[in-house]
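Okay, structure first, notes after.
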Amino acid sequence: MSSRRSQSRQTSGASRISDEQISDLVSKLQQLIPELRARRSNKVSASRVLQETCDYIRSLHREVDDLSDRLAELLASTDDTSAEAAIIRSLLM
């Protein structure tokens, strides 16, 4: 165990997290990430799970940005009083 981790465990008191809890959380993350869930082997390093999680979150952010841009374009191209605009507004509520 690294000295930094030992020091962290000693100073954190009641808020420390066990290796077993970390392993459990990494396993849960692995099940949430499509790229990792599709793999046949459950043997994936924690660092790989964390990297894939970060990549997946970035891709979700890009998707949200793209959808927001498309929605803004759609709203800009419709009349504010049109039925289409009313439907879009109702979906956003």
Side-chain angles (χ1 to χ4, degrees):
M1 185 181 314
S2 73
S3 62
R4 183 187 306 173
R5 194 165 178 191
S6 297
Q7 290 171 356
S8 174
R9 284 187 169 199
Q10 291 169 357
T11 59
S12 64
S15 66
R16 71 179 196 215
I17 185 167
S18 71
D19 288 345
E20 184 178 320
Q21 289 171 312
I22 291 172
S23 178
D24 185 50
L25 291 170
V26 168
S27 179
K28 287 178 182 178
L29 267 179
Q30 184 177 352
Q31 295 304 312
L32 293 172
I33 307 303
E35 176 73 24
L36 297 174
R37 192 177 29 203
R39 292 185 184 204
R40 300 220 182 260
S41 172
N42 286 336
K43 299 279 184 178
V44 179
S45 70
S47 63
R48 180 71 178 168
V49 170
L50 293 174
Q51 183 61 52
E52 289 290 338
T53 300
C54 291
D55 292 346
Y56 184 60
I57 291 170
R58 283 187 201 101
S59 75
L60 291 174
H61 277 284
R62 283 191 302 272
E63 190 173 343
V64 166
D65 289 343
D66 291 345
L67 291 171
S68 294
D69 291 344
R70 288 175 51 194
L71 181 59
E73 289 172 9
L74 183 60
L75 284 172
S77 69
T78 60
D79 180 14
D80 285 343
T81 60
S82 71
E84 292 90 2
I87 291 170
I88 293 170
R89 279 194 299 274
S90 70
L91 292 173
L92 294 175
M93 300 292 175

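For the single chain, residues carry numbers from 1 onward in sequence order.
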- Message: With salt bridge (Lys or Arg N to Asp or Glu O under 4.0 Å) as the rule and sequence neighbours excluded, what pairs involving residues 53-70 come up?
- Response: D55-R58

- Item | Hydrophobic cluster identity match, I22 and I33, side-chain contacts under 4.5 Å | yes

- What is the minimum heavy-atom distance between Y56 and L32, and which atoms define it? CE2-O, 4.4 Å

- Task: For residues A85 and D80, report the shortest heavy-atom separation together with the two atoms involved.
- Result: CB-O, 3.7 Å

- Just wondering, more than 12 heavy atoms not from Q21 lying within 6.0 Å of its CD? yes

- Verify, without hydrogens or angle tests, whether S68 (side chain) and V64 (backbone) share a donor-acceptor contact under 3.5 angstrom. yes

- Going hydrophobic residue to hydrophobic residue with side-chain gaps under 4.5 angstrom, can you get from L60 over to L50? yes

- Message: Looking at every non-hydrogen atom in both residues, tell me the closest pair between V44 and Q30 and how far apart they are.
- Response: CG2-NE2, 3.5 Å

- Query: Are L71 and L75 close enough that some pair of their side-chain heavy atoms sits under 4.5 Å apart?
  - Reply: yes

- L36 and V49, any side-chain heavy atoms less than 4.5 Å apart: yes

- Task: State the CD1-OG distance between I88 and S82, to the nearest 0.5 angstrom.
- Result: 7.0 Å

- Task: To the nearest 0.5 Å, tell me how far D24 CG sits from D19 CG.
- Result: 12.5 Å

- Note on the structure: Residues E35 and E52: closest non-hydrogen pair is CG-OE1, 3.4 Å

- Message: Under a 3.5 Å distance rule, please check whether S23 uses its side chain to pair with a backbone N or O of E20 as donor and acceptor.
- Response: no

